[in-house]
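Please read the structure below before turning to the comments.
A note on names: the letters A, B, ... follow the listed sequences, proteins ahead of strands, and every chain is numbered from 1. Only heavy atoms go into these numbers, but all of them, side chains included; no hydrogens, no water, no symmetry mates.
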Number of protein chains: 2
Amino acid sequence: MTQVPTAAGARAPRLSRERIVAAVVEMLESGGVDAVTTRTIGEALQVHPTALYRYFRDMDELIREAADHILEGLAEETPRAAGRDALDVLSDLCLGLRTALMSHPGAAGGVASGPSRMPHERALTERMLQLLTRTGLSDEDVVLAYHAMIEYTVGSAAIDAPGKGTDPDEDSLHRAWRADYLTASPDDFPVTVRLASRLYPTQDTQFRYGLQVLIDGLRNKLPAP
Amino acid sequence: MTQVPTAAGARAPRLSRERIVAAVVEMLESGGVDAVTTRTIGEALQVHPTALYRYFRDMDELIREAADHILEGLAEETPRAAGRDALDVLSDLCLGLRTALMSHPGAAGGVASGPSRMPHERALTERMLQLLTRTGLSDEDVVLAYHAMIEYTVGSAAIDAPGKGTDPDEDSLHRAWRADYLTASPDDFPVTVRLASRLYPTQDTQFRYGLQVLIDGLRNKLPAP
DNA sequence: ACCTGAACACCGTTCAAGT
DNA sequence: ACCTGAACACCGTTCAAGT
């Protein structure tokens, strides 16, 4: 890694796209996208806040590259367990995607802004389309189902992990919300009050339920085997 | 609406929560949440940028109130058409919610940040829980289904209408994206390339498909009639 | 009571200047 | 070639001051 001096006065660059992206991914994980600014990046890399503009057009490009980095390895084929069909594998893939997005608050916004032409995202798309094709669905259904799964998975991650880093404990927050619903007027909101104690289960429980309903709905569309 | 002078020197307030919220809702519609700043609000209301702090704790509270305002009337009961069950009505409700959110880019972030304790959101929750209860689903399923529908509807709106106001024409953008997928390596991404021309249908088509799949999946859970 | 003015601590981004 | 320094046009928010 020590550089070969190519010409008089040429110094080894202290930065690179990779080094910057790595730093941003780390900051995404610890503090969320709100904690990633030109100044904090500069501090993390011991460099002037504007130095990154040699390597990236703007913050948006940098965040999108970091977001794609997070998807690394997701599309990898896993050994198919017995009794699990393509839709089960697709479900796991979405769970993996969610885990990656949830552990980097705000990253969902980075992958959401259209296809990034980036390698990991491309691989994920290919894998999902491949799995859906295997189910026997029509091409039209394959594409629409792909979009539905992405919208649900990325969209719910955008809601559940907006950008602020670590929430002040999900459980106590949800408890407070449930208590709040209990104080609603029972005349105006009878069903809400009756079900208040059940509202806001774990974010993970919510997500898995919707995911399962989606997969279940897709199963209805499969051609008879 | 003309004020009663209560004391010498007391003047009619030029602002109110309602006036500010109305202005923000309008700005949300025309330019999205990114166009709503203390300065632009001040300009719209012909008032100093900091004047709104007499009425709202901070920008967050203001945006949440404006977001709730957008949900006005959504939960209203509509005359039940023949042959349409509670899940069909729920589906319409989600479509209405999406329309409201899509026409105010970035508003999804406002309703997403937990229950706002606000009247229109409460009414919407009550109506959705009521409709789901009517289907005969168990209480547990009702609550989880409610969260699933909200996460999908609000989440996809957060993705499809982030905050920038009017995109530069959705159609041409999607055309460009499809063309982009076509240029992908057919060896690495065979399925993607094969389906490229079908990818990125209208945002509305995508959303409706996923919504229908969700409703369909819920139907599987209904007790036999 | 209601709004203004000035100030502060932040942003992203540009561009010329240093080495 | 690579990074720094200074500057610009923005943010949200506070608080004392005006009327």
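- Side-chain N or O atoms of A:Thr202 include none that pairs as donor or acceptor with a backbone N or O of A:Asp204 at under 3.5 Å.
- Counting only N and O atoms by type, the side chains of A:Thr125 and A:Tyr146 include a donor and acceptor under 3.5 Å apart.
- Remark: B:Thr50 pairs with B:His48, B:Tyr53 by the side-chain contact (heavy atoms from CB on, under 4.5 Å) rule, at least two apart or across chains.
- For the pair B:Gln46 CD and C:dC2 C1', the computed distance is 17 Å after rounding to whole Å.
- For A:Arg122 (side chain) and B:Phe189 (main-chain N/O), no donor-acceptor pair under 3.5 Å exists by modelled atom type.
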Sugar-phosphate means primed atoms, P, OP1 and OP2; the rest is base. With that split, encode nucleotides 6-17 of chain D 5' to 3' as B, S or - using protein heavy atoms under 4.0 Å.
B----BBBB---
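- At whole-Å resolution of the value, OH in B:Tyr55 and P in C:dT4 are 10 Å apart.
- Side-chain contact check for B:Glu29 and B:Ser103: no donor-acceptor pair (N or O, by modelled atom type) lies under 3.5 Å.
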Could you go through the ring pair (Phe, Tyr, Trp, His ring centres under 6.0 Å) check for B:His147 and A:Phe207 one step at a time?
CA-CA 8 Å; B:His147 283 296; A:Phe207 177 73; over 10 Å; no
Its dot-bracket string being built from Watson-Crick and G-U pairs below 3.5 Å, with | for another strand and [ ] for crossing, DNA chain C has the pattern ||.|||||...|||||.||
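- Looking at B:Arg198, its side chain never comes within 3.5 Å of a backbone N or O of A:Val143 through a donor-acceptor pair.
- Within 4.0 Å of A:Phe56, counting heavy atoms only, lies no atom of the nucleic acid at all.
- Per the geometry, CG belonging to B:Leu45 stands 16 Å off P belonging to C:dC2, to the nearest Å.
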